[in-house]
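Take a look at the structure below.
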Amino acid sequence: QQTCQLYCTMPRRFGVPVEPSTASLTSGLVGDIEHVMLPAVPPIVTAVVTVLAMLPSMVYVWRRPVGPESFLRCLILCAFSSFLFGWHVHEKAIILIIIPMSLLAVDQPSVARIFLLLSTVGHFSLFPLLFQPAEAPIKILLLLLSTVLSVRGIQLYVNASGRTGLRTLEKLYLLGLLPLHLYCDVIHGLIGLQATLPFMPLLLTSVYSAVGVVYAWVLFYVDTLSGRWFQDEAKPKQT
């Protein structure tokens, strides 16, 4: 889903149009499109890519079955792969990654950093599903509440230093959600583009969110395959 968003926007970056195709049961509101410059991606290709993306995590947990945490990490990475490379995956499927990752985030600073990034951008990516003006305060307050509680929980219970562990560029990326939401919900309509470019806010939200989700996937994959989490768990904890 998220890699599809990045793939589909590539022709537009080079000024190459895409042609709408005939309607189908999976076309959605925007509809199916046929690329002029890039090759079309059939469902079988997404299935193969999804399995290939899952294989490293499954092989790792098979060769190093060190307890329920290794299985949970494999489960999260499989959910990541299905979400990123699956065929017509809905945006709400990001919850299948966020919820199990929260179980690891309460105990490991490296995962807490990834969870904070992923949960914030993942919940933000669901904003277009609540598009009525009356729903705007609800979704904004819920996202702020979730983010503040996550940050405070990490500061109190995960990182002894009282920090979230986010890097400077990661903080800047999350701060970029503010002007993006301001443009999508306010500025886009004020400058008169709603009639000519009605799906531009959805496109911007999808592409910006996709960058963060793919980045979180890479971070979590590297953290898992590196084995640092297993070494940390093997160390005796001080009481």
Side-chain angles (χ1 to χ4, degrees), residues 1-3 46-86 89-126 145-167 170-171 173-174 209-239:
Q1 171 68 21
Q2 298 297 300
T3 51
T46 63
V48 172
V49 173
T50 300
V51 173
L52 291 177
M54 292 179 179
L55 277 178
S57 61
M58 292 189 292
V59 172
Y60 183 85
V61 73
W62 180 267
R63 299 181 63 179
R64 300 187 63 177
V66 294
E69 183 176 343
S70 61
F71 174 78
L72 184 57
R73 282 178 172 267
C74 179
L75 182 67
I76 295 172
L77 287 171
C78 288
F80 254 125
S81 301
S82 299
F83 182 75
L84 291 175
F85 305 107
V89 180
H90 199 276
E91 292 88 344
K92 293 192 294 291
I94 190 66
I95 300 175
L96 299 177
I97 308 172
I98 295 175
I99 292 178
M101 187 179 289
S102 65
L103 301 177
L104 298 177
V106 297
D107 187 52
Q108 299 184 14
S110 61
V111 181
R113 165 197 169 200
I114 302 172
F115 170 78
L116 182 58
L117 176 66
L118 178 66
S119 61
T120 303
V121 68
H123 291 143
F124 178 84
S125 68
L126 302 179
L145 180 62
S146 173
T147 303
V148 169
L149 290 178
S150 297
V151 170
R152 190 56 179 163
I154 292 173
Q155 290 175 336
L156 291 177
Y157 302 109
V158 183
N159 273 332
S161 61
R163 299 180 180 180
T164 60
L166 291 174
R167 308 297 189 262
E170 296 166 357
K171 294 178 181 179
Y173 170 80
L174 293 180
S209 301
V211 173
V213 174
V214 172
Y215 177 73
W217 172 63
V218 173
L219 286 181
F220 191 72
Y221 230 133
V222 171
D223 184 70
T224 298
L225 298 183
S226 66
R228 291 192 298 266
W229 61 274
F230 174 69
Q231 298 170 4
D232 293 339
E233 285 294 312
K235 296 178 181 179
K237 296 183 179 181
Q238 297 180 352
T239 57

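Computed from a predicted model, the values in this text were never measured in an experiment.
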Next item on the list: Can you measure from CD (Gln155) to CG (Leu116) and round to the nearest 0.5 angstrom?
Entry: 9.5 Å
Margin query: Nearest 0.5 angstrom please: Arg64 CZ to Thr224 OG1, how far?
Written below: 11.0 Å
Checklist line | Whether Ser82 side chain and Ala79 backbone form a donor-acceptor pair below 3.5 Å | finding: no
Margin query: Quick one, Ile114 with Phe220, criterion side-chain contact (heavy atoms from CB on, under 4.5 Å). Give me CA distance, side-chain angles, the key distance, then yes/no.
Written below: CA-CA 7 Å; Ile114 302 172; Phe220 191 72; 4.1 Å; yes
Note to self: Using side-chain heavy atoms (C-beta onward) and a distance below 4.5 Å, is Arg73 in contact with Ser57?
What the structure shows: no
Notebook entry, point to check: Minimum heavy-atom separation for Ser110 to Asp223, with atom names?
Noted result: OG-OD1, 3.2 Å
Item checked: Contact check, side chains of Leu96 and Phe83, non-hydrogen atoms, under 4.5 Å -> no
Check: Which pairs count as salt bridge (Lys or Arg N to Asp or Glu O under 4.0 Å) when at least one residue sits in residues 108-125, sequence neighbours excluded?
Finding: Arg113-Glu170
Notebook entry, point to check: Can you check whether Phe115 reaches Val106 side chain to side chain, under 4.5 Å on heavy atoms?
Noted result: no
Item checked: Donor-acceptor pair, side chain of Tyr221 and main chain of Leu77, under 3.5 angstrom -> no
Check: In Å and rounded to the nearest 0.5 Å, what is the CG to OG1 distance from Leu84 to Thr50?
Finding: 9.0 Å
Notebook entry, point to check: Does Arg63 use its side chain to pair, donor to acceptor, with the backbone of Val61 at less than 3.5 Å?
Noted result: no
Check: So, do Ile94 and His123 sit near enough that their side-chain heavy atoms are less than 4.5 Å apart?
Finding: no
Notebook entry, point to check: Does a side-chain heavy-atom distance below 4.5 Å link Leu118 with Trp217?
Noted result: no
Check: Which heavy atom in Val89 sits nearest to a heavy atom in Ala93, and how many Å separate them?
Finding: CG1-CB, 3.6 Å
Checklist line | side-chain contact (heavy atoms from CB on, under 4.5 Å) between Ile97 and Val213, worked out | finding: CA-CA 10 Å; Ile97 308 172; Val213 174; 5.5 Å; no
Notebook entry, point to check: Step by step, would you call Val121 with Tyr173 a side-chain contact (heavy atoms from CB on, under 4.5 Å)?
Noted result: CA-CA 9 Å; Val121 68; Tyr173 170 80; 3.2 Å; yes
Margin query: Quick check: do Cys74 and Trp62 have side-chain heavy atoms less than 4.5 Å from each other?
Written below: no
Item checked: Side-chain donor or acceptor of Thr120 paired with backbone N/O of Leu117 under 3.5 Å -> no
Check: How long is the gap from CE on Met58 to OG on Ser81, to the nearest 0.5 Å?
Finding: 8.0 Å
Note to self: Just verifying a value: how many Å separate Arg167 CZ and Leu219 CG, rounded to the nearest 0.5 Å?
What the structure shows: 8.5 Å
Note to self: My understanding is that only residues two or more places apart in sequence, or in another chain, count here; which of them pass ring-ring contact (aromatic ring centres under 6.0 Å, His included) with Tyr215?
What the structure shows: none
Notebook entry, point to check: Is there a side-chain contact between Leu166 and Leu174, using heavy atoms and a 4.5 Å cut-off?
Noted result: yes
Next item on the list: Report the distance from atom OG of Ser70 to atom CG of Leu75, rounding to the nearest 0.5 Å.
Entry: 11.0 Å
Check: Does the side chain of Met101 come within less than 4.5 Å of Phe80's, by heavy atoms?
Finding: yes
